[in-house]
K.L.:
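Please read through the structure below; I'll follow up with questions.
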Number of protein chains: 2
Amino acid sequence: MSSTHGARARARIEVTAAIKEEARRQLAEEGAVKLSLRAVARELGMASSALYRYFPSRDDLLTALIIDAYESLGEAAEAARDAAAGVGPVHRWTAVCEGVRAWALGHPHEYALIYGTPVPGYSAPDTTVPAAGRAAAVFIGILRDAERGLGLAQPPLPSELRPEAVRMAADIAPDLPPEVVATMVAAWAQLFGLIGFELFGQFNRVVEDRDTFFRHAAGQLAHTVGLVFPQPGPATRPGAPAVRS
Amino acid sequence: MSSTHGARARARIEVTAAIKEEARRQLAEEGAVKLSLRAVARELGMASSALYRYFPSRDDLLTALIIDAYESLGEAAEAARDAAAGVGPVHRWTAVCEGVRAWALGHPHEYALIYGTPVPGYSAPDTTVPAAGRAAAVFIGILRDAERGLGLAQPPLPSELRPEAVRMAADIAPDLPPEVVATMVAAWAQLFGLIGFELFGQFNRVVEDRDTFFRHAAGQLAHTVGLVFPQPGPATRPGAPAVRS
DNA sequence: CTGAAGCAAGAGCAGTGCTCGCGTTTGTTG
DNA sequence: CAACAAACGCGAGCACTGCTCTTGCTTCAG
């Protein structure tokens, strides 16, 4: 049923790929806002109207690019994890964080496409969900390994803040305690806060050495998710009695 | 020098205000991408070309809106801080976090304008910097008060991650130790990671009860910046020996 | 009072996403 | 093999955008 169409079908997927390739090139150069269907068609030597045979609208083209970007990010995260196979969970965690950051710095417009302002009204069709989860799965895997190994240090939380109403446990990682999943998702969002601020210029006159700063913050995130056990040592400052309200 | 121009000048600032008002209305309705100079002019009953007497380009109009948005966010943060005047630093911290989040949820497009993908190429003229710092100053103030009071609990960090190369100490808060400022800036970015994810739909099939989740995460951030002292108690899970690599 | 500056308007340019009707090519079916 | 239908590529065209330029008019300053 696929080879019967033969040349036609193959030509179609070839043209589709060429469109996406050229679109990705323009995206990397000018950003999603400047991505123009007419310019893509012009560059490919075809009429702009012919392009609508392959993508019914500009947003559909963008959606395709979004999915690709998610996959690309997921690959980068997996590669960073595999490159840090031998080390402990903390360093593997920070390694993946840095891998994600490096990908973002290398593909700023693609990052903006998936984690920046949603371009049209509010798209995000469900087809993007699995691709989006690929990178997240890497972090989940690290936490799962750590939990099965030495366990996780759950920082003491005010009891009224226990996140029981967060529903992701079953869908995302059924074998992890819900607090861990909640903390993990929060860390996930926070990581992209750090990266987004750096990428979108929010650190411009604020943070000088971004590499060091990011390593610092990623290490703190490892604390937050419970990968680091509280060390006995010089922890608190001057007068530090008991608890605070 | 200002009253000499009299009517002319007053008309000018009135028209300028009307343009900004209408632009802000369209921004709130459709988002920055859809904001059209011609539509603004149309709604105001004037020719589109006349609008260029007041804003030399579309980006300049957006810049004006950006500054306003920063100020509006700053006001919201200050209001949240003042509303939580009597409580301790931890609850004041989370109160301001929730105030910022509430502002973002109430002004999604304005939030996207200042913390989302930068709209043009890369603008962010320096005029926006002071306005942007207004909300940040609220958080700094809380940390400063806490440090002068009971002190801050500095979580133990791997020594190689000490952020000495972060230059913001002098500019931002000269009276706070640099690690505190670095941690604070990181928490600042992370807070907007959380808000941005919620706002831009990244939590769509992931986080159910966003209020609870955010409160949880904001509490964790209070830990991160050292507002909460480590509690003796049931901290770690099963077998939890010493340290991890 | 006169000249200069500020202002509003309209036409126009180059660009955009998208639609429609046309002829052609291709693959399938009788 | 012939005929038909579907897919394809193209060009014109619509409505829209940001922006510029020229033309008049109003207001202010010397």
Side-chain angles (χ1 to χ4, degrees), chain A residues 1-20 22-23 25-27 29-66 113 118-123, chain B residues 1-20 22-23 25-27 29-66 113 118-123:
Chain A
M1 203 190 232
S2 56
S3 62
T4 51
H5 301 51
R8 221 8 167 215
R10 198 168 49 203
R12 180 173 182 86
I13 67 174
E14 250 174 39
V15 174
T16 306
I19 292 173
K20 266 172 51 170
E22 175 60 27
R25 218 183 52 75
Q26 289 194 17
L27 171 69
E29 272 188 5
E30 303 256 39
V33 184
K34 294 282 190 178
L35 199 166
S36 151
L37 278 187
R38 294 181 109 111
V40 170
R42 206 180 302 134
E43 211 69 22
L44 262 54
M46 58 199 295
S48 66
S49 55
L51 216 144
Y52 285 81
R53 303 266 179 204
Y54 299 88
F55 294 93
S57 85
R58 182 178 180 276
D59 289 358
D60 292 271
L61 213 190
L62 278 180
T63 302
L65 295 183
I66 286 174
L113 190 61
V119 197
Y122 285 102
S123 65
Chain B
M1 201 191 234
S2 57
S3 63
T4 51
H5 301 51
R8 207 46 148 191
R10 197 167 51 203
R12 181 174 182 86
I13 66 173
E14 251 174 39
V15 174
T16 306
I19 292 173
K20 268 173 50 171
E22 176 59 28
R25 216 182 53 76
Q26 290 195 15
L27 171 69
E29 273 189 4
E30 302 257 42
V33 185
K34 293 281 191 180
L35 199 165
S36 150
L37 278 186
R38 294 180 107 112
V40 171
R42 205 179 302 133
E43 210 70 22
L44 262 54
M46 60 199 296
S48 65
S49 55
L51 215 143
Y52 285 83
R53 301 261 171 205
Y54 299 89
F55 294 94
S57 87
R58 183 180 179 275
D59 289 357
D60 292 271
L61 214 191
L62 278 179
T63 301
L65 295 183
I66 286 174
L113 189 61
V119 198
Y122 285 102
S123 67

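Just so it is clear: chains get the letters A, B, ... in the order the sequence lines come, proteins before strands, and each one is counted from 1. Model, not experiment: these values are computed from the prediction.
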K.L.:
Distance check needed: D/dC10 P versus A/Tyr52 OH, whole Å only.
P.N.:
15 Å
K.L.:
For the residue pair A/Asp60 and A/Ser57, confirm or rule out a side-chain donor-acceptor distance under 3.5 Å.
P.N.:
yes
K.L.:
Walk me through it: do B/Glu29 and B/Arg25 pass the test salt bridge (Lys or Arg N to Asp or Glu O under 4.0 Å)?
P.N.:
CA-CA 6 Å; B/Glu29 273 189 4; B/Arg25 216 182 53 76; 3.2 Å; yes
K.L.:
Let's test your reading of the model: under 3.5 Å, does the base of D/dA7 pair with the side chain of A/Arg8 as donor and acceptor?
P.N.:
yes
K.L.:
Rounded to whole Å, please give me the gap between CZ in A/Arg53 and C1' in C/dC22.
P.N.:
11 Å
K.L.:
Quick check: closest heavy atoms across B/Val40 and B/Ala23, and the distance to 0.1 Å?
P.N.:
CG2-CA, 4.1 Å
K.L.:
Return yes if some donor-acceptor pair links the side-chain N/O of A/Arg58 with the main-chain N/O of A/Leu35 below 3.5 Å, else return no.
P.N.:
yes
K.L.:
side-chain hydrogen bond (donor to acceptor under 3.5 Å, both in side chains) with B/Arg42: which residues, sequence neighbours excluded?
P.N.:
none
K.L.:
Under 4.0 Å, counting only non-hydrogen atoms across every strand here, what does A/Ser36 touch: a base, just sugar-phosphate, or nothing?
P.N.:
sugar-phosphate
K.L.:
Can you find a donor-acceptor N/O pair under 3.5 angstrom joining the side chain of B/Arg38 to the base of D/dG18?
P.N.:
yes
K.L.:
Between D/dT20 atom P and B/Leu51 atom CG, what is the distance in whole Å?
P.N.:
13 Å
K.L.:
Take B/Ser48 and B/Val15, find for each the nucleotide of DNA chain C with the closest heavy atom, and name the residue whose nucleotide sits nearer the 5' end.
P.N.:
B/Val15
K.L.:
To the nearest Å, how far apart are A/Glu43 CD and C/dG15 P?
P.N.:
14 Å
K.L.:
Contact class for B/Tyr54 vs. all strands (heavy atom < 4.0 Å): base, sugar-phosphate, or nothing?
P.N.:
sugar-phosphate
K.L.:
Name the nucleic acid region contacted by A/Leu44, choosing base, sugar-phosphate or nothing; use a 4.0 angstrom heavy-atom cut-off, strictly under.
P.N.:
nothing
K.L.:
Look at the side chain of A/Arg58 and the base of C/dT16, then say whether one donor and one acceptor between them are separated by less than 3.5 Å.
P.N.:
no
K.L.:
Please state how far atom CZ in B/Arg12 lies from atom C1' in C/dA8, giving the value in whole angstrom units.
P.N.:
13 Å
K.L.:
In whole angstroms, how far is the C1' atom of D/dG18 from the CZ atom of B/Arg42?
P.N.:
13 Å
K.L.:
B/Arg10 CZ to D/dT27 C1': how many Å, rounded?
P.N.:
14 Å
K.L.:
Round to the nearest Å and state the distance from B/Leu35 atom CG to D/dC19 atom P.
P.N.:
12 Å
